[in-house]
Amino acid sequence: MLNILYALGWIIFTIVLYRVSKQLYKWVPTPFTMPVLTATALIIACLLIFHIPYEAYMKNGGDWITKLLGPGIVAFAIPLYKQRRVLKKYVVPISGGVIVGTVVAISSEAVIARMFGTDSSLILTALPKSVTMPVAMSVSEQIGGIPSLTAAFVMIAGITGMMMGPPLLKWSGVTNFIGKGIGVGCSSHIMGVAQSMKRDEREGVVGSVTMTLTAVLTCLLGPLLAGVFV
């Protein structure tokens with residue numbers, strides 16, 4: 001019973017920090033004050049200040065929150081159904097974008113890491129960083145990476161995509177919702193897609209489909225490209 005209360009305390013604490021972060025974003029709406037980023041930073045700060053191991057946080061509440069990712073992703077089925085005509089109309093560019101985006105995401109990671117002399121195990125760990133966490137950790141384990149470290153890379157990719165994705169797409173001249181949805185879905189998985197859904201439901205729907213197809217394609221191409229580049 002005590003363990004359950006302790007876990008509930010951590011969950012409530014996390015929710016409170018997220019609510020504070022949302023309020024901060026309303027006051028100062030910049031890419032650097034996005035709720036996921038600031039809430040994550042606040043949690044890390046609290047763990048460091050009070051000398052609480054990350055494993056203890058995950059075991060006592062954090063893991064429960066992580067399990068909600070599954071229902072959260074499934075909830076995207078509603079806007080997918082509402083925008084099904086859009087998906088049918090643009091099936092060819094979406095499919096092409098997923099193939100190109102997945103190959104570029106994996107191969108560019110390997111090439112850049114090789115240029116800087118990164119260790120092979122670290123390269124394998126980072127290769128699947130652009131897909132949703134359960135898939136990324138599974139692929140990482142399959143190709144010889146470190147799944148727990150892959151989870152950190154996935155978080156970094158998602159947060160970076162949320163922060164830098166919209167201004168980078170704008171700077172690149174990508175204004176069509178199809179292009180923006182594909183870019184976000186291929187690079188920053190559920191975090192970026194959630195932000196896209198707030199901006200434009202059509203963009204979020206395309207991003208959601210792209211995210212799913214990218215995960216499937218990464219499972220197929222990940223081991224093959226890992227053998228080529230590493």
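- Side-chain atoms of S140 do not come within 3.5 Å of backbone N or O of A136 as any donor-acceptor pair.
- Side chain of T150 to main chain of T125: a donor-acceptor pair is present (N/O by atom type, distance under 3.5 Å, no hydrogens or angles).
- With values rounded to the nearest 0.5 angstrom, S188 atom OG is found 11.0 Å from I159 atom CD1.
- Hydrophobic clustering of Ile, Leu, Val, Met, Phe, Trp and Tyr side chains at less than 4.5 Å, counting indirect connections, keeps V92 apart from V100.
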Go through it in stages, so that I can follow the logic: the residues are L127 and L124, the test is side chain to side chain contact (heavy atoms under 4.5 Å, CB included), and I'd like the CA-CA distance, side-chain angles, deciding distance and then a yes or no.
CA-CA 5 Å; L127 281 183; L124 294 172; 4.1 Å; yes
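- With rounding to the nearest 0.5 angstrom, the CG atom of L37 is 10.0 Å from the CG atom of L24.
- Residues L47 and I43 form a side-chain contact, since some pair of their non-hydrogen atoms from C-beta on lies under 4.5 Å apart.
- When each of V103, T102, V104 is checked for a side-chain contact (heavy atoms from CB on, under 4.5 Å) with I106, only T102 meets the rule.
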Report the C-alpha distance between V131 and M211 in whole Å, list the side-chain angles of each, state the deciding distance to 0.1 Å, and finish with yes or no for side chain to side chain contact (heavy atoms under 4.5 Å, CB included).
CA-CA 7 Å; V131 297; M211 176 185 68; over 6 Å; no
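- No option in E201, Q195, E203 other than E203 meets the side chain to side chain donor-acceptor pair (under 3.5 Å) test with R199.
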Give the C-alpha distance, both sets of side-chain angles, the deciding distance and a yes or no for side chain to side chain contact (heavy atoms under 4.5 Å, CB included) between I156 and K129.
CA-CA 8 Å; I156 293 171; K129 70 183 185 312; over 6 Å; no
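- The distance from atom CH2 of W10 to atom SG of C46, rounded to the nearest 0.5 Å, is 7.0 Å.
- In this structure the side chain of F153 reaches within 4.5 angstrom of the side chain of L122, judged on heavy atoms.
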Apply side chain to side chain contact (heavy atoms under 4.5 Å, CB included) to the pair S21 and L42, showing each step before the final yes or no.
CA-CA 9 Å; S21 300; L42 287 172; 3.9 Å; yes
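- Of all the heavy atoms in S187 and G183, the pair that sits closest is OG-O, 2.7 Å.
- Taking CZ of R19 as the start and OG1 of T14 as the end, the distance is 14.5 Å to the nearest 0.5 Å.
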